[in-house]
Amino acid sequence: MQTADAVVIGAGINGAATAYNLIKRAGIKNVVLLEKQLIASGGTGRSAAIIRQHYSNEELVRMVKRSVDIFDNFDDEVGGDPGFVSCGWAFLIPESVSNGFGTNIAMGQRLGVDVREISREDLLEIEPRIDLSDVHRIAYEPRSGYADPRAITHAYVERFVDLGGQLWQLTAVQGLIVEGSAVRGVKTDAGEISTDVVVDAAGPWADRIARWAGVDLPLKITREEEIIFETANVGGPPRLCFSDMAKAIYYRPDGASRTLVGRGFPKDYQYVEPDGYNQEVDVSFIAETTERLYARWPSFTRALALNSYTGLYDVTPDWHPVLGRVDGVDGFFLCAGFSGHGFKIAPAIGEIMAEEIIDGAAHSIDIERLNLRRFAAEALIGAAYGSNRA
Ligand SMILES: Cc1cc2nc3c(=O)[nH]c(=O)nc-3n(C[C@H](O)[C@H](O)[C@H](O)COP(=O)(O)OP(=O)(O)OC[C@H]3O[C@@H](n4cnc5c(N)ncnc54)[C@H](O)[C@@H]3O)c2cc1C
């Protein structure tokens with residue numbers, strides 16, 4: 001039987017970053033990364049990949065701040081090009097929901113994030129084409145932006161393999177081997193692997209993997225939709241990324257000419273099964289999202305949609321990830337439930353998971369509150385704006 005020091009299940013960005021860090025930082029060579037499809041074929045490959053640092057909890061701010069440093073110096077820190085575009089990010093808030101806004105900015109500043117509140121006039125100097133009449137307050141982060149989710153996952157996997165890690169693509173995990181209170185291996189459709197360390201980074205399928213270890217991971221899967229517009233003919237894409245809570249949409253440049261748009265909260269979530277869900281984008285979504293975009297960007301009314309697609313969020317009861325060891329199952333680690341935030345924090349997640357596994361506890365960032373046990377203890381994590389606006 002094949003043996004491994006550690007097996008990571010799922011080659012999305014979080015599994016890839018964890019596998020890489022296990023070898024690079026922790027020095028354990030015999031690591032297997034299992035992927036039932038191809039790398040980045042889960043939520044990662046469909047991600048808007050917007051990187052902003054405005055969060056309600058210190059853990060998330062610290063994670064994304066550390067990640068921005070890695071995105072920014074990726075070639076030195078990891079190697080390769082993550083497609084990071086540090087174009088800036090603006091958060092547009094309507095009058096009705098400004099609770100928590102100032103507190104979050106102050107916390108970000110205290111933790112060293114380059115963030116400040118700016119006026120509508122300030123923003124119009126950066127991006128003069130938008131109608132801000134319904135916007136009450138604006139947060140601005142000049143160092144934030146977006147990256148290429150496939151490119152960065154590929155870079156992590158490539159470095160992992162360079163360092164001696166094994167990538168098994170097109171290999172599905174079908175069960176876990178658990179003896180007493182410890183994990184002892186993984187059953188795949190290519191045979192069994194004996195190991196004392198299993199990391200569940202299976203995104204929308206992570207609850208199934210956890211069940212094989214006798215662990216109840218509370219996940220709901222939501223179906224998300226995005227549209228790409230051609231905006232070369234209307235003056236080019238936005239000059240920065242936006243989370244627009246006033247119009248309940250987000251948008252960002254997609255290269256030099258296109259604009260990526262998705263719907264944010266408040267909206268009706270569609271809960272689905274991750275296998276066989278309807279991947280066709282709803283006509284009503286395209287119509288409504290386009291209307292919201294045109295209202296914010298009057299000069300975009302001649303911009304045509306080129307492409308649209310769906311993807312999945314793996315959502316926990318408090319819209320925060322579940323990280324770290326699991327009480328009662330030695331050697332089983334959760335790295336899942338990213339609830340729509342898991343791209344921007346992944347570089348830090350890889351480091352934290354390696355610390356948790358090798359050193360016994362994450363130490364660069366405290367993840368105690370993000371452990372699975374918070375659900376049984378009814379210690380859910382709160383957020384200033386509620387749900388996915390964590
Ligand atoms: C439309 C959309 C927009 C988003 N926008 C943003 C954003 O702007 N900013 C941000 O930070 N985040 C965003 N997110 C969220 C972010 O993309 C995800 O949280 C993150 O990519 C999840 O990565 P992951 O590695 O945890 O999981 P995934 O990418 O889902 O990877 C899990 C992998 O596990 C594999 N797998 C599952 N079961 C098995 C098995 N049995 N055996 C082997 N392999 C298995 C899957 O095939 C998959 O490749 C968005 C997500 C979507 C869908």
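One-based numbering, in listed order, for ligands and for the atoms of each.
- Considering backbone and side-chain N/O of Asp314, none are found under 3.5 Å from N/O of ligand 1.
- Remark: distances from the non-hydrogen atoms of Ile345 to ligand 1 are all 4.0 Å or more.
- Using a 4.0 Å cut-off between heavy atoms, Ala49 contacts ligand 1 through its backbone alone, with no side-chain atom that close.
- Applying the side chain to side chain contact (heavy atoms under 4.5 Å, CB included) rule to Ala48 yields the partners Ile50, Glu226, Tyr250, Leu260; only residues at least two apart in sequence or on another chain are considered.
- In this structure Glu368 satisfies the salt bridge (Lys or Arg N to Asp or Glu O under 4.0 Å) test together with Arg373, sequence neighbours excluded.
- Under the 4.0 angstrom criterion for non-hydrogen atoms, Thr171 is in contact with ligand 1.
- With a heavy-atom cut-off of 4.0 Å, Glu226 touches ligand 1 through its side chain alone.
- Distances between N or O atoms of Gly311 and those of ligand 1 include no value under 3.5 Å.
- At a heavy-atom cutoff of 4.0 Å, ligand 1 is contacted by the side chain of Trp205 but not by its backbone.
- At the top of the distance list for atom 19 (O) of ligand 1, counting protein heavy atoms only, stands Gly342 N, 3.0 Å.
- No donor-acceptor contact under 3.5 angstrom links the side chains of His54 and Tyr140, judged on distance only.
- If you look at Ala201 next to ligand 1, the close heavy atoms, those under 4.0 Å, all belong to the backbone.
- Listed by atom number, the atoms of ligand 1 under 4.0 Å from Gly43 heavy atoms are 17 (O), 21 (O), 28 (P), 29 (O), 30 (O).
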